[in-house]
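Written out below as structure tokens is the structure these notes cover.
Quick note: numbers below take in every heavy atom, side chains included, and nothing from hydrogens, waters or symmetry partners. Below, chain A is the first sequence line, B the second, and so on; all start at residue 1.
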Amino acid sequence: MKLNPEQDKAVKHFEGPMLIFAGAGSGKTRVITNRIIHLIKNKNIEPSKIVALSFTNKSSKELRERVRKMIPSKETKGLILSTFHSLGLNFLKKHIELLGYHLNFLLQTPSDTEGIILDLLKSKKIDTEEIQIPLIQSNISKVKNIGQEYFDIMQSSDNIHFLSTVEIYEDYNKVMKSMNSIDFDDLILLPIKILRENEEVKKSYHKKFNFFMVDEFQDTNKTQYELIKLLINKNNNLCVVGDDDQSIYGFRGSDVSLILNFEKDFKNAETIRLLQNYRSNDKILNAANSVIKNNSGRKEKTLWTEIISDELPKYVERLDEKDEAIFLADEIEYEMKKNHIEGSQISVLFRTNYQSRPIEEELRIRGIPYKLIGAYNFFDRKEVKDLIAYIRVVANHNDELALLRILNYPKRGIGQTSISKIGEKSFEKEIPVFQVLENLCHEQGYILDIKKNTASKIYEFLELIQKYRTEFFGSNKLTETLKKFIKDIGFEKEFSLEESNEKVIKARMLNLSEFINMMYYFESEWDEKQKPTLFDFLQRLSVLTLDEEPEKKERDERVQLMTMHLSKGLEFDVVFLIGLEEGIIPSSRTIDESNIVDEERRLFYVGMTRAKKRLVLTRAKERRKYGEMYSTESSRFISEISKEYLNDLNIQSPDSEFDFLKSLESLK
DNA sequence: GGGTCACCAGTTTTT
DNA sequence: CTGGTGACCC
């Protein structure tokens, strides 16, 4: 397909700043990929001088695939296509020592840092009863992403979460550093610090990179923007692409004003607007337009399309979430069998992750293959967390969170009393816990009145860790070592002690072997001569999700299940938006603040505009919550869709009945 | 030291 | 309905 004049202009734009306002489905990704290829092929720019950034793993992967399809990979060697966070990670792998961290730093996920925060709160004598750790974490994250400004707001508030955050903020960073650990926000923040403080490093990057592109710019936050501004050289070759109507990460500090003010920041910026939609048919697009126009403070624009259809998006209400799932599965089967739509071209989008469960169940019953795209569910499995904790301790004796997690798992007779004694000793003498354990075993006169039996168990534990430390770092085969490690730890034995159901034991073991596969894939990506270490693996683990599967199937029969957030940037022939109820979308937490409801509306808009040919909206009239049934109300966004663009199958009118009969006819 | 059981609080969205 | 926590007993 040929580029339209505006797209062409964007692709050919060479040097200097550029802002591309790109509506949903306006060929944004095409422009970016074409521009990259144009730079390489026509302008003879070294691929390694080009950096294209996006916000989620999902969209950067998408970009990578699109580029791969258009140009042989040897011609893009060195091209950087990544998320902000993995760019930060790679940067820190080279320079973090400048800040006094060791090069083998560890990246801690929020669930890892919970324990640290809890300890700090306790040590400050803060009553942890009414404190929600995730709120503290999100406050810390906001300080890191927004800066002093936010710190001041918290300081002058009487909100208990704010005050506690202020109280522990400094110590939190200290503790993290003493563990040689960083969190997600540090992936952006620390590189900024290094670039600001080290002119030499900054210069080297100005030489190294010359062209930057930022996809989904509306989701960028201040810190990320700051990082970009430090990285670009005086040529200001920065091209940003975004759409204010698709800004859906406000809760993470993303800042729409960045895109709205870009032209002020870069006075000579060229601005291009892409308003023709190439994805959806007119009915879907008009329905979406009629919703988004209810938002205040947006840049007025109306997308248009040349694709005409006579089929309206339809809206279906079902009894409960189970019934909704049944309807969905019926429709999906119909699409696949009768319309011959490939599974991967069908997607089910929901507001919150827990909504996927009934759908998964129903699809599994019918044997419809699906792929659940979501970040954490796999890593949240207890056995996977435990295994990772083992790996962490092997990699780093001083990862105390991990150490405490596994010290008595599988149960080896090191009980709470002993653990407390060890903890006290460590605190009192200011020696790491691991050291205390070692002393306990090797040195005489260092007995904390711990029973001989316990001490010998501790010794066995240390032996195990030591053995695998040698194995992992001594050999070149991470995966092989991991398999042995799992056996030696004795997971299977422990599982059968905990659980009599054979199937559950199998399932847990299967999760572990899934983890083994993951490590195998990871390992096989590396060159023969430069094998990855355990540290490389751990660092990657925290940034990546499980959907890194190297084998690319030619055809993917799996229906795609994901949150509306993750669907951004993607497109499907058929899209189902489910659970369209007040309290879900817009989420009950946001319902009274209009600016946040606007964000929910954008989210809904993003969901709608994923559809190419068919859009189906559903809702359950009753829904189970905490095990009890509640009746629901239809989402306000449904009623915002202008009537002429919605086939509401729940209104009993002669017309819709006729449609219904007609559709029965066509089935026969 | 470890197992059992009653009680309770919790589901936004991502790196 | 879940998963996590803490009291209580062997």
Side-chain angles (χ1 to χ4, degrees), chain A residues 53-60 82-89 107-111 113-114 118 128-135 137-138 141 144-145 182-189 216 219-221 223-224 247-254 321 349-358 373-377 379-382 408-421 450-451 453-454 457 497-498 539-545 562-568 579 583-591 596-597 599-600 602-604 606-607 623-629:
Chain A
L53 295 173
S54 58
F55 173 67
T56 61
N57 285 319
K58 189 99 191 94
S59 52
S60 92
S82 81
T83 62
F84 277 96
H85 288 86
S86 45
L87 181 80
L89 178 64
L107 183 53
Q108 308 281 1
T109 64
S111 69
T113 60
E114 263 174 33
L118 195 64
T128 50
E129 277 296 295
E130 52 196 314
I131 299 234
Q132 291 172 283
I133 307 283
L135 276 179
Q137 289 175 319
S138 103
S141 170
K144 291 191 177 189
N145 282 302
I182 64 168
D183 62 24
F184 281 132
D185 302 307
D186 291 333
L187 287 175
I188 313 295
L189 209 60
E216 309 285 9
D219 293 328
T220 303
N221 66 34
T223 340
Q224 291 162 340
S247 163
I248 54 176
Y249 286 102
F251 66 93
R252 251 198 87 269
S254 83
E321 74 272 9
L349 308 181
F350 33 80
R351 172 68 237 261
T352 66
N353 283 304
Y354 70 85
Q355 288 173 266
S356 71
R357 259 172 61 182
I373 298 170
Y376 300 114
N377 36 48
F379 296 103
D380 274 346
R381 310 245 164 87
K382 188 180 173 299
N408 194 33
Y409 186 89
K411 303 219 175 64
R412 47 171 74 83
I414 308 170
Q416 201 49 56
T417 335
S418 309
I419 291 179
S420 310
K421 281 179 194 161
I450 275 176
K451 286 188 207 139
N453 201 21
T454 312
K457 297 291 180 197
L497 282 175
E498 289 172 8
Q539 284 171 344
R540 213 12 210 291
L541 206 55
S542 314
V543 204
L544 281 190
T545 59
M562 70 192 93
T563 62
M564 294 182 197
H565 279 91
L566 282 179
S567 75
K568 195 167 55 154
I584 292 185
I585 182 163
S587 151
S588 51
R589 301 218 179 175
T590 65
I591 249 156
I596 308 191
V597 171
E599 179 151 319
E600 298 280 306
R602 290 193 290 265
L603 188 56
F604 186 64
V606 166
R623 182 173 292 276
R624 224 172 298 262
K625 209 178 178 188
Y626 308 141
E628 255 180 298
M629 277 301 209

Length of the [atom1]-[atom2] vector between [X] and [N], whole Å:
X: A:Tyr409; N: B:dG1; atom1: OH; atom2: P; result: 19 Å
X: A:Glu114; N: C:dG3; atom1: CD; atom2: C1'; result: 13 Å
X: A:Glu600; N: B:dT12; atom1: CD; atom2: C1'; result: 7 Å
X: A:Asn221; N: B:dT13; atom1: CG; atom2: C1'; result: 15 Å
X: A:Ile584; N: B:dT12; atom1: CD1; atom2: P; result: 12 Å
X: A:Ile373; N: B:dT14; atom1: CD1; atom2: C1'; result: 14 Å
X: A:Arg357; N: C:dT2; atom1: CZ; atom2: C1'; result: 7 Å
X: A:Met564; N: B:dT14; atom1: CE; atom2: C1'; result: 16 Å

5'-most by nearest nucleotide on DNA chain B - A:Thr563 or A:Tyr354: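 Its nearest nucleotide lies further toward 5', so the answer is A:Tyr354.
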Along DNA chain B (nearest heavy atom to each residue), the more 5'-positioned of A:Gly413 and A:Thr352: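 Its nucleotide being nearer the 5' end, the pick is A:Gly413.
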So does [X] get a side-chain nitrogen or oxygen closer than 4.0 Å to the phosphate oxygens (OP1/OP2) of [N]?
X: A:Ser418; N: B:dG1; result: yes
X: A:Lys457; N: B:dG1; result: no
X: A:Asn353; N: B:dT13; result: yes

Looking at the side chain of A:Lys411, which of B:dT14, B:dG3, B:dG1 is the nearest nucleotide?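 Among the listed nucleotides, the one closest to the side chain of A:Lys411 is B:dG3.
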Please pick, from B:dG2, B:dT12, B:dT13, the nucleotide with the shortest atom-to-atom distance to any side-chain atom of A:Ser587.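 Looking only at heavy atoms from C-beta outward on A:Ser587, the closest nucleotide is B:dT12.
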Taking the basic N atoms (NZ, or NE/NH1/NH2) and the acidic carboxylate oxygens, is any pair closer than 4.0 Å for A:Glu600 and A:Arg351?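 A:Arg351 and A:Glu600: salt-bridged.
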Determine, answering yes or no, if A:Tyr249 is stacked on B:dT13 under the 5.5 Å centre rule and the 30° plane rule.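 Stacking is absent between B:dT13 and A:Tyr249, given that the ring centres and planes do not meet under 5.5 Å and under 30°.
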Any base atoms under 4.0 Å from A:Phe55, or only sugar-phosphate, or nothing? Heavy atoms, all strands.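 Contact class for A:Phe55: sugar-phosphate only.
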Give A:Asp185 one of three labels, base, sugar-phosphate or nothing, depending on what nucleic acid heavy atoms sit under 4.0 Å from its own.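 If one applies the 4.0 Å heavy-atom cut-off, A:Asp185 turns out to touch nothing in the nucleic acid.
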Would you please indicate yes or no on a ring centroid separation below 6.0 angstrom for A:His565 and A:Phe251?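 Yes, the ring centres sit under 6.0 Å apart.
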Looking at A:Phe84 versus A:Phe55, is the centre-to-centre ring distance below 6.0 Å?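 A:Phe84 vs A:Phe55: aromatic centres not under 6.0 Å.
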Going by distance alone, is a donor N or O of one side chain under 3.5 Å from an acceptor N or O of the other, for A:Ser254 and A:Asn221?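 No, no side-chain donor-acceptor contact under 3.5 Å.
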Do the side-chain N and O atoms of A:Ser86 and A:Thr83 include a donor-acceptor pair separated by under 3.5 angstrom?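 A pair is found: one side chain offers a donor N or O, the other an acceptor, under 3.5 Å apart.
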